[in-house]
Chemist: 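Please see the structure below; I have some questions.
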Amino acid sequence: MKNLALICALFLHILSLNLIVEARIRHYRWEVKYEFKSPDCYRKLVITINGRSPGPTILAQQGDTIVVDLKNSLLTENVAIHWHGIRQIGTPWADGTEGVTQCPILPGDTFRYKFVVDRAGTYLYHAHYGMQREAGLYGSIRVALPDGEKEPFVYDYDRSIILNDWYHRSTYEQAAGLSSVPFVWVGDPQSLLIQGKGRFNCSTPGTTAALCNATNPECSPYVFTVVPGKTYRLRIGSLTALAALSFEIEGHNMTVVETDGHYVEPFVVKNLYIYSGETYSVLVTANQDPTRNYWAVSKMVSRNNTTPNGLGIFNYYPNHPSRSPPTVPPSGPWWDNVEARVNQSLAIRSHPDYIHQVPQTSDRVIILLNTQNRINGSVKWSINNVSFTLPHTPYLISLKHNLLHTFEQTPPPDTINGYEAYDINVAPPNVNATSSNSLYRLKFNTTVDIILQNANTLNDNNSETHPWHLHGHDFWVVGYGDGKFNASEDPKRYNLVNPIMKNTVPVHPYGWTALRFVADNPGVWAFHCHIESHFYMGMGAVFEEGVEKVKKLPSSIMGCGDSKRFLKP
């Protein structure tokens, strides 16, 4: 028996060593700086990583540790990078959310992000300081399963693609307009990019000829080269600043199999609706006429707009990659077809073999009414009549070091006074809102329902689509509905059997979306609309849970606001 015990102990020791070997460290060294680029033929300053936009794709395996040494060479700007979809279990300070989990990285400084990618799937990274994301600072994260594990679908090749919209004006000009009285809206984006490439019409009136060169190879269409008969997994992520998108490949169906790191009960689409912050894996088989190429098209939907469609080439090998398809590109769906977009949302269910059991009841219900408002003449977005602002000292530092004077202590309301009587179909009768940097305190390990309720903007007969992203968590999407949420009736229709889990979800015009999550990740987590201008204008909130369980904070995240006192000279 003693020998058997020794053999078992030795076996377990060897097994543990193997597990240690399997979980690797992926080390990246990045320099963030401005460079002149022409992604859509129009020359402007772009924030790059090691000279690239989109930045390098992070490739890892479940359980790996990612280390990114980030040097800020922007010279006159701070920076922070958020690892979108990575839950940061045990490392809330690495979430990369300036004002929430860290102080920004100062010009000239190098900051180390270190975290574990604990689940396979398709994720993103992007700037989370001001409106820098739309200046080009973003990229893909692709996390593979451990060796020996298989996914519930098969494919031959794996590709990552980021869809984006593109503005020619700088983020500073846009932010100044959003903050000014009278209000200056950012307007429609000038282009749509597919993996960092688009095509602006240089003949557009008012375009400076010296800044736009239609023959620049930088803005040649993005090419997906495929081998006839093979099946491709396209990991598609959207990091648009404003646009909701439809994406399609001419003549090809797409089978949706994963979203935000969770397997989907497969369903087939001709065009994929995707909102800022979402990721999808779709399977596409190269099964059409191989003697020609096909168009890949992204189109702006949900807003009446003037932005031309983004175009790429689905290139059948051995056709020349720059050979244009012989057809006119598909025009895409109508921009205002809300029903089709809602139907796709309703079609997304967890794969039958990968259902995460959803708690059947919740401990707390928070109804967040999105409205457009004014504060001292400035146009704002607010939640329950409160427009969110960030404090100078990040919440995580303030809460761990008891610096409670650095942000407002009166918590935001769980629902707006008079919600039952509020008419979501008309412009707000009282346009005046207040601003606050207070946060929601969630009891650790409790189940929370969030109801995102859409309403009319300041303009009559107008309600917008808002993609909401939760940091530090995945949530179950338990319901969608038209009109105003009914707290006594609508929960009876929740899907508590096979709801999909996501980290980003749309709220459709004049509708509501119901989310459920467990507050089991110690830290402080942002929850906000992923449209850059909307978050800048106050459409956001912050949740705190179990912060007393967070380990000692690294000094590297400090140095701003009242956290300066913790930096030793």
Chemist: Pick one: which of F527, F535, W381 meets ring-ring contact (aromatic ring centres under 6.0 Å, His included) with H466?
Modeler: W381

Chemist: What do you reckon, is CD of E149 surrounded by more than 12 foreign heavy atoms closer than 6.0 Å?
Modeler: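 Correct, the count exceeds 12.
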
Chemist: Does D165 reach the main-chain N or O of A241 with its side chain, forming a donor-acceptor pair under 3.5 Å?
Modeler: yes

Chemist: Is R292 close enough and on-axis enough to Y294, meaning under 6.0 Å and within 45°, for cation-pi?
Modeler: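 Positive - R292 is close enough to the ring of Y294 and near enough to its axis.
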
Chemist: Please say which of D260, T504, L239 ends up in a side chain to side chain contact (heavy atoms under 4.5 Å, CB included) with T279.
Modeler: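 It is D260, the one option of D260, T504, L239 that forms the side chain to side chain contact (heavy atoms under 4.5 Å, CB included) with T279.
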
Chemist: So, is the end of the K44 side chain (NZ or CZ) under 6.0 Å from the ring centre of W166 and within 45° of the ring's axis?
Modeler: yes

Chemist: Do we see a donor-acceptor contact under 3.5 Å between the side chains of T371 and S382?
Modeler: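 Present: a donor and an acceptor within the cut-off.
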
Chemist: More than 12 heavy atoms of other residues, nucleotides or ligands under 6.0 Å from CG of N343: yes or no?
Modeler: yes

Chemist: Could you tell me whether the side chains of Y536 and S179 share a donor-acceptor contact shorter than 3.5 Å?
Modeler: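 Yes.
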
Chemist: With the side chain counted from C-beta on, respond yes when L70 and I81 share a heavy-atom pair under 4.5 Å apart, and no when they do not.
Modeler: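 Sidechains of I81 and L70: in contact.
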
Chemist: Looking at every non-hydrogen atom in both residues, tell me the closest pair between K33 and S73 and how far apart they are.
Modeler: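 Nearest pair, atom of K33 first, then S73: CB-O, 3.7 Å.
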
Chemist: So V68 and K114, side-chain contact (heavy atoms from CB on, under 4.5 Å) or not? Walk me through it.
Modeler: CA-CA 7 Å; V68 178; K114 185 177 182 180; over 6 Å; no

Chemist: Check whether any side-chain heavy atom of L242 lies under 4.5 Å from a side-chain heavy atom of P189, and answer yes or no.
Modeler: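 Counting from C-beta outward, L242 and P189 do come under 4.5 Å.
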
Chemist: Salt bridge between E248 and K299, side-chain N to carboxylate O under 4.0 Å?
Modeler: no

Chemist: Would you give the length of the straight line joining atom CD1 of I141 to atom OG of S160, rounded to the nearest 0.5 angstrom?
Modeler: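 So the CD1 of I141 and the OG of S160 are separated by 10.5 Å.
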
Chemist: Return yes when atom CZ of R29 has more than 12 non-hydrogen atoms of other residues, nucleotides or ligands closer than 6.0 Å, and no otherwise.
Modeler: no

Chemist: Kindly compute the distance separating CD1 (I58) from OG (S140), expressed to the nearest 0.5 Å.
Modeler: 9.5 Å

Chemist: Tell me if a side-chain donor or acceptor on Y316 pairs with a main-chain N or O of N287 at a distance below 3.5 Å.
Modeler: yes

Chemist: What is the ring orientation for H351 with Y354, classed by angle as parallel under 30°, tilted 30 to 60°, or perpendicular over 60°?
Modeler: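 Ring orientation, 0 to 90° scale: perpendicular.
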
Chemist: When you compare the side chain of Y138 with that of N164, does any pair of heavy atoms fall below 4.5 Å?
Modeler: yes

Chemist: Without hydrogens or angle criteria, can the side chains of T91 and Q88 be said to hold a donor-acceptor pair below 3.5 Å?
Modeler: yes

Chemist: Do Q195 and P54 come within less than 4.5 Å of each other through their side chains, counting heavy atoms only?
Modeler: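 With C-beta onward as the side chain, the pair touches.
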
Chemist: Can you name the closest pair of heavy atoms from Q344 and Y280 and give their distance?
Modeler: NE2-OH, 3.9 Å

Chemist: Hey, could you give me the OG1/CZ distance between T513 and F475, rounded to the nearest 0.5 Å?
Modeler: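 Interatomic distance, T513 OG1 to F475 CZ, rounded to 0.5 Å: 9.0 Å.
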
Chemist: Do D482 side-chain atoms and Y510 backbone N/O form a donor-acceptor pair below 3.5 Å?
Modeler: no

Chemist: Taking the side chain from Q61 and the backbone from L145, do they hold a donor-acceptor pair closer than 3.5 Å?
Modeler: yes

Chemist: Without hydrogens or angle criteria, can the side chains of T259 and K502 be said to hold a donor-acceptor pair below 3.5 Å?
Modeler: yes

Chemist: Nearest heavy-atom pair of S246 and P333: which atoms, and what distance?
Modeler: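 Shortest heavy-atom contact: OG-CD, 3.4 Å.
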
Chemist: Do the ring planes of F224 and F314 sit parallel (below 30°), tilted (30 to 60°) or perpendicular (above 60°)?
Modeler: tilted

Chemist: Would you check if E98 and H128 make a side-chain contact, meaning some heavy-atom pair closer than 4.5 Å?
Modeler: no

Chemist: With the side chain counted from C-beta on, respond yes when R119 and H262 share a heavy-atom pair under 4.5 Å apart, and no when they do not.
Modeler: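 Yes, side chains in contact.
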
Chemist: Using only atom types and a distance under 3.5 Å, with no angle test, would you say the side chain of Q62 pairs donor to acceptor with the backbone of P146?
Modeler: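 Between the backbone of P146 and the side chain of Q62 there is no qualifying donor-acceptor contact (under 3.5 Å).
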
Chemist: Any pair with a residue in residues 222-235 that passes side chain to side chain donor-acceptor pair (under 3.5 Å), sequence neighbours left out, goes on the list, sorted by first then second residue, please.
Modeler: T122-R235, E151-R233, Y155-R233, D158-R235, T225-N315, T231-T285, R233-E258, R233-S281

Chemist: Taking P290's backbone N and O only, do any of them form a donor-acceptor pair with N319's side chain (distance below 3.5 Å, no angle check)?
Modeler: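 Checked: pair present.
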
Chemist: Working to the nearest 0.5 Å, report the span between CD1 of I162 and OG1 of T57.
Modeler: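 These two atoms lie 7.0 Å from each other.
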
Chemist: Is W295 reaching over with its side chain to a backbone N or O of T327, donor-acceptor style, under 3.5 angstrom?
Modeler: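 It does hold such a pair.
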
Chemist: Do the rings of W83 and F115 sit parallel, tilted or perpendicular, given the 30° and 60° boundaries?
Modeler: tilted

Chemist: Is there a side chain to side chain donor-acceptor pair (under 3.5 Å) between T306 and D188? Walk through the geometry before answering.
Modeler: CA-CA 7 Å; T306 58; D188 294 335; 3.2 Å; yes

Chemist: Tell me yes or no: between the side chains of Y34 and E77, is some donor less than 3.5 Å from an acceptor?
Modeler: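 There is such a pair between these side chains.
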
Chemist: Mind checking the CZ-NE2 spacing from R133 to H126? Nearest 0.5 Å is all I need.
Modeler: 5.5 Å

Chemist: Give me the ring orientation class for H82 and H471: parallel if the planes are under 30° apart, tilted from 30 to 60°, perpendicular past 60°.
Modeler: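 Correct class here is parallel.
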
Chemist: Using a strict 4.0 Å threshold on nitrogen-to-oxygen distance, state whether D40 and R199 make a salt bridge.
Modeler: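 Judged by the 4.0 Å cut-off on N to carboxylate O distance, D40 and R199 do not form a salt bridge.
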
Chemist: Can you check whether H508's main-chain N or O pairs, donor with acceptor, with N454's side chain at less than 3.5 Å?
Modeler: yes

Chemist: Which atom pair, heavy atoms only, marks the closest approach of A127 to Q132?
Modeler: CB-CB, 3.7 Å

Chemist: Can you check whether F247's main-chain N or O pairs, donor with acceptor, with N271's side chain at less than 3.5 Å?
Modeler: no

Chemist: Is a side-chain donor-acceptor pair under 3.5 Å present for H469 with H528?
Modeler: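 No, because no side-chain N or O of H528 sits under 3.5 Å from a partner of the opposite role on H469.
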
Chemist: What are the two closest heavy atoms between C219 and S38, and how far apart are they?
Modeler: CB-O, 3.6 Å

Chemist: Output yes when a side-chain donor or acceptor of N462 lies under 3.5 Å from a complementary backbone atom of N459, and no otherwise.
Modeler: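 Not confirmed, N462 side chain does not pair with N459 backbone.
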
Chemist: Would you find more than 12 non-hydrogen atoms of other residues, nucleotides or ligands less than 6.0 Å from H356 atom NE2?
Modeler: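 Yes.
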
Chemist: Answer yes or no: is there a side-chain heavy-atom contact under 4.5 Å between Y125 and Y113?
Modeler: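 A side-chain contact under 4.5 Å is absent here.
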
Chemist: Do the charged groups of K270 and E250 touch, with an N to O distance under 4.0 Å?
Modeler: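 Salt bridge flag = no for E250 with K270.
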
Chemist: Check the surroundings of atom CZ in F267: do more than 12 heavy atoms from other residues, nucleotides or ligands lie under 6.0 Å from it?
Modeler: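 Counting neighbours around CZ of F267, more than 12 heavy atoms of other residues, nucleotides or ligands fall under 6.0 Å, so yes.
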
Chemist: I would like to know whether L470 and N503 meet side-chain contact (heavy atoms from CB on, under 4.5 Å); could you show each step before the answer?
Modeler: CA-CA 6 Å; L470 177 59; N503 61 62; 5.7 Å; no

Chemist: Any idea which heavy atoms bring E278 and P506 closest together, and the distance?
Modeler: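 Where E278 meets P506 most closely, the heavy atoms are OE2-CD, 3.8 Å.
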
Chemist: Can you confirm whether D336 sits close enough to N304 that some side-chain heavy atom of one is under 4.5 Å from a side-chain heavy atom of the other?
Modeler: no

Chemist: Could you check C41 against C202 for disulfide bond (SG atoms under 2.5 Å apart), going step by step and ending with a plain yes or no?
Modeler: CA-CA 8 Å; C41 305; C202 291; 5.2 Å; no

